[in-house]
2 protein chains.
Amino acid sequence: MRKQRKGCDVPDATILRLPLYLEKLKLLQAIGVEDVSSRQLAESLDIKASQLRHDFHYFGGFSRPGRPYQVAKLVPALEKIIGIAEPVHTIIVGAGHLGQALANYQNLDIQGFPIKGIFDVNPKLIGLDFRGSVVQDMDEMETVIKDQGVKIAILTVPAAHAQAVTERLVAAGIVGIFNFAPMDLKVPTTVAVRNERLAVGIMSLSFKVKCILQSSENKEEAEEL
Amino acid sequence: MRKQRKGCDVPDATILRLPLYLEKLKLLQAIGVEDVSSRQLAESLDIKASQLRHDFHYFGGFSRPGRPYQVAKLVPALEKIIGIAEPVHTIIVGAGHLGQALANYQNLDIQGFPIKGIFDVNPKLIGLDFRGSVVQDMDEMETVIKDQGVKIAILTVPAAHAQAVTERLVAAGIVGIFNFAPMDLKVPTTVAVRNERLAVGIMSLSFKVKCILQSSENKEEAEEL
DNA sequence: GGGTTCATGTTAACCATTTAACAGCATTAG
DNA sequence: CTAATGCTGTTAAATGGTTAACATGAACCC
Ligand SMILES: NC(=O)c1ccc[n+]([C@@H]2O[C@H](COP(=O)([O-])OP(=O)(O)OC[C@H]3O[C@@H](n4cnc5c(N)ncnc54)[C@H](O)[C@@H]3O)[C@@H](O)[C@H]2O)c1
Ligand SMILES: NC(=O)c1ccc[n+]([C@@H]2O[C@H](COP(=O)([O-])OP(=O)(O)OC[C@H]3O[C@@H](n4cnc5c(N)ncnc54)[C@H](O)[C@@H]3O)[C@@H](O)[C@H]2O)c1
């Protein structure tokens, strides 16, 4: 088998930091900053400068050595790496509470993920308009995916229907699924899934809260002595 | 300084798996399964059995050695560890699109996080009813937090207001903040924050999609030769 | 009852990520 | 022109997390 294409064999932890780098750099760009050192950028993100340089090293060659990074070069370079140099056409499947909230969320568009369609089975929802996108029947989904070259789908249907919808999405050529249903989807290895698990998030928070409360109890006990 | 209280010095990676264990166990419980081995449970979650045992080992003593785990014992044990043995009173701050979707999300309640209040500054939203919770003015927030013993707040206000609201939450005694605004909150070390970053999620997905598309291009090229 | 099987708890080996260290280039001041 | 400073790219060390290995206990079968 052929060697994996350049810049794709990267630790997950690094991938998750790329958006944070990009976000911060765009902020700097907006206020007119031209140069930024690894130290400055890293400190503003609460990480070590060496980690940032190490991360960038996977992709190589952002700057003349000896000189700080140029914001204007780094931003498009990161966008290219992340895959959002061109807008990434996206659809939302499931126009319920969460689907509607996401459809209304302007940031998705701004960050490079324009919504090219919203789909649902519920006839009452079809025709509703969210920032210019109209909810369509599921029957239209495959056509839109193909015509618009949609590669990513945001899945906000009930867990019970998530797998069935996923199979349609995969068959229609979707390559990435952003899954909000609390269940694991079965997909071929040529499709990427990212699960957004609310329960995991709030429970991990709860764990930390419990630890904080316990340790403050301890402190109080200690003070009483 | 006193040794950290039992079961709080645990890797993040482990903490993030606890909710998955619990979820799967509850599912088993619902269909009447009484015993489950580390192997069975791990395989259903696509992890190694040794990792599961290693995770549990941080807390110790779930089972008689030599026998599988008892679902009926493990579920409450995990709930206690996560901190949801008793319902964890929660509020939502910001009753916009996302806040409303979350307010409507029954699962939060079911999983142990009953919503004790929803707050907003917009007078038009005040009085709206979501599954029995009525949107209240921000003026009421501190009172509700204290009267209901609220420990966790879900923050769904615009990024520009997130820090100011956070400071009020902290002053009122909130210990955990589930932050959906795309920005880093400054909080004292006695407060836990979990950032739910949509952009990070979808961009990491985009990265993987790009890699998949590139490698399939490669394959096509190879076939053409 | 002894051997076989299957289980956990625990420790040790392994692997990945993070952090530190340093070589080398660019700029600036003297 | 040289020394000093500040920076990156790169490699090496340290840390942390994952996986394997194994000692030991319980049940079952013959
Ligand atoms: N509401 C939240 O805040 C929230 C948060 C996290 C996760 N989730 C998850 O997101 C998903 C949606 O949640 P929600 O609150 O929006 O639920 P919802 O019931 O409001 O919306 C689900 C929508 O999916 C549609 N649907 C059902 N079957 C379908 C199918 N086969 N094809 C296309 N559309 C279909 C329904 O008509 C409905 O409009 C659920 O899996 C839920 O667990 C929701
Ligand atoms: N909509 C989404 O799907 C989505 C997804 C991910 C993250 N987010 C983030 O969640 C936050 C909310 O998003 P949204 O789409 O619901 O926005 P929104 O504008 O619909 O809702 C924000 C709400 O906060 C209220 N608010 C403003 N200032 C406040 C204050 N000081 N105190 C209390 N309430 C205040 C507003 O009145 C409004 O009702 C934003 O930070 C957004 O970036 C939204």
Side-chain angles (χ1 to χ4, degrees), chain A residues 4 6-21 24-25 28 33-75 77-78 81 200 204 207-208, chain B residues 4 6-21 24-25 28 33-75 77-78 81 200 204 207-208:
Chain A
Q4 217 166 4
K6 180 200 156 201
C8 281
D9 192 11
V10 176
D12 265 12
T14 294
I15 298 174
L16 291 174
R17 280 188 293 267
L18 298 178
L20 303 178
Y21 297 146
K24 195 64 81 172
L25 284 163
L28 292 175
V33 175
E34 290 182 357
D35 292 347
V36 66
S37 72
S38 60
R39 179 111 85 76
Q40 289 170 306
L41 191 51
E43 270 176 13
S44 75
L45 287 163
D46 250 306
I47 62 169
K48 291 275 180 334
S50 54
Q51 174 157 85
L52 185 152
R53 291 201 300 273
H54 202 295
D55 283 344
F56 283 5
H57 183 231
Y58 285 105
F59 310 103
F62 287 141
S63 90
R64 327 141 281 188
R67 307 264 28 234
Y69 298 109
Q70 291 169 277
V71 178
K73 292 231 169 111
L74 214 40
V75 167
L78 280 172
I81 290 166
V200 171
S204 70
F207 179 89
K208 285 175 184 164
Chain B
Q4 218 167 4
K6 180 198 153 199
C8 282
D9 192 11
V10 175
D12 266 12
T14 293
I15 298 173
L16 291 174
R17 281 188 293 267
L18 297 178
L20 304 178
Y21 298 146
K24 196 63 81 172
L25 284 163
L28 292 174
V33 175
E34 289 182 359
D35 292 348
V36 66
S37 71
S38 58
R39 178 111 88 77
Q40 289 169 307
L41 191 50
E43 269 175 13
S44 74
L45 288 163
D46 250 306
I47 62 169
K48 290 278 181 331
S50 54
Q51 174 157 85
L52 186 151
R53 292 201 300 273
H54 201 292
D55 283 343
F56 284 5
H57 183 230
Y58 285 106
F59 311 103
F62 287 143
S63 90
R64 330 141 279 187
R67 306 264 30 236
Y69 299 110
Q70 291 170 277
V71 177
K73 292 232 167 113
L74 215 39
V75 167
L78 280 172
I81 290 167
V200 171
S204 70
F207 178 90
K208 285 176 184 165

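In what follows, chains carry the letters A, B, and so on, assigned in the order in which the sequence lines appear, proteins first and then strands, with residues in each chain numbered from 1. Small disclaimer: the values here were computed from a predicted structure and weren't measured.
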Review point. Is there side-chain contact between A:Leu16 and B:Ser204, with at least one heavy-atom pair below 4.5 Å?
Key: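 Answer yes - side chains close enough.
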Which whole-number value in Å describes the distance from [X] [atom1] to [N] [atom2]?
X: B:His57; N: C:dA12; atom1: NE2; atom2: P; value: 12 Å
X: B:Leu52; N: C:dT8; atom1: CG; atom2: C1'; value: 11 Å
X: B:Lys48; N: C:dT8; atom1: NZ; atom2: P; value: 16 Å
X: A:His54; N: C:dT17; atom1: NE2; atom2: P; value: 10 Å
X: B:Leu41; N: C:dA7; atom1: CG; atom2: C1'; value: 14 Å
X: A:Asp12; N: C:dT18; atom1: CG; atom2: P; value: 10 Å
X: B:Asp35; N: C:dT8; atom1: CG; atom2: C1'; value: 13 Å
X: A:Ile47; N: C:dT19; atom1: CD1; atom2: P; value: 9 Å

Point to revise | Residue-phosphate contact under 4.0 Å: A:Arg53 side-chain N/O, C:dA21 OP1/OP2 | key: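 Result: no.
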Check your understanding: Which nucleotide of DNA chain D is the first, and which the last, in the 5' to 3' direction, to come under 4.0 Å of a heavy atom belonging to chain B?
Key ->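 Nucleotide range with atoms under 4.0 Å of chain B: D:dG17 to D:dA27.
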Exercise for review: Using a cut-off of strictly less than 4.0 Å between a heavy atom of the residue and any atom of DNA chain C, enumerate the qualifying residues of residues 67-74 of chain B by number.
Suggested key: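 The answer is B:Arg67, B:Pro68, B:Tyr69.
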Check your understanding: Is there a salt bridge (Lys or Arg N to Asp or Glu O under 4.0 Å) between B:Arg17 and B:Asp12 once you walk through the steps?
Key -> CA-CA 9 Å; B:Arg17 281 188 293 267; B:Asp12 266 12; over 6 Å; no
Check your understanding: Across the strands shown, which category fits A:Ser37 at heavy-atom distances under 4.0 angstrom: base, sugar-phosphate, nothing?
Key ->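 Since only primed, P, OP1 and OP2 atoms lie under 4.0 Å of A:Ser37, the category is sugar-phosphate.
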Practice item. Quick one: label B:Ser38 by what it contacts on the DNA or RNA (base, sugar-phosphate, nothing), any heavy atom closer than 4.0 Å. Key: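 Sugar-phosphate contact only - B:Ser38 comes under 4.0 Å of backbone atoms but never of a base.
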Review point. Would one find more than 12 heavy atoms of other residues, nucleotides or ligands at under 6.0 Å from atom CZ of B:Arg39?
Key: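 It does not: B:Arg39 CZ has 12 such atoms or fewer within range.
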**Study point:** A:Thr14 side chain to A:Val10 backbone, donor-acceptor under 3.5 Å
**Key:**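 Looks like no, no N/O pair under 3.5 Å.
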Review point. Would you find a donor on one side and an acceptor on the other, under 3.5 Å apart, between the side chain of A:Gln40 and the backbone of A:Ser37?
Key: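 Confirmed, A:Gln40 side chain pairs with A:Ser37 backbone.
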Check your understanding: Are B:Asp35 and B:Lys73 close enough, and set up right, to give a salt bridge (Lys or Arg N to Asp or Glu O under 4.0 Å), and what steps lead you there?
Key -> CA-CA 10 Å; B:Asp35 292 348; B:Lys73 292 232 167 113; over 6 Å; no
Point to revise | Heavy-atom closest contact (B:Leu52 atom, B:Ala42 atom, distance) | key: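 Residues B:Leu52 and B:Ala42, closest heavy atoms: CD1-N, 3.9 Å.
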Exercise for review: Would you mind telling me which residue lines up with the more 5' stretch of DNA chain C, A:Val10 or A:Gly66, judged by nearest nucleotide?
Suggested key: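 Its nucleotide being nearer the 5' end, the pick is A:Val10.
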Exercise for review: Given side chain to side chain donor-acceptor pair (under 3.5 Å), test A:Asp55 with A:Tyr21 step by step and report yes or no.
Suggested key: CA-CA 10 Å; A:Asp55 283 344; A:Tyr21 297 146; 2.5 Å; yes
Practice item. Assess whether side-chain contact (heavy atoms from CB on, under 4.5 Å) is satisfied between B:Phe56 and B:Leu74, documenting all intermediate values. Key: CA-CA 10 Å; B:Phe56 284 5; B:Leu74 215 39; 3.8 Å; yes
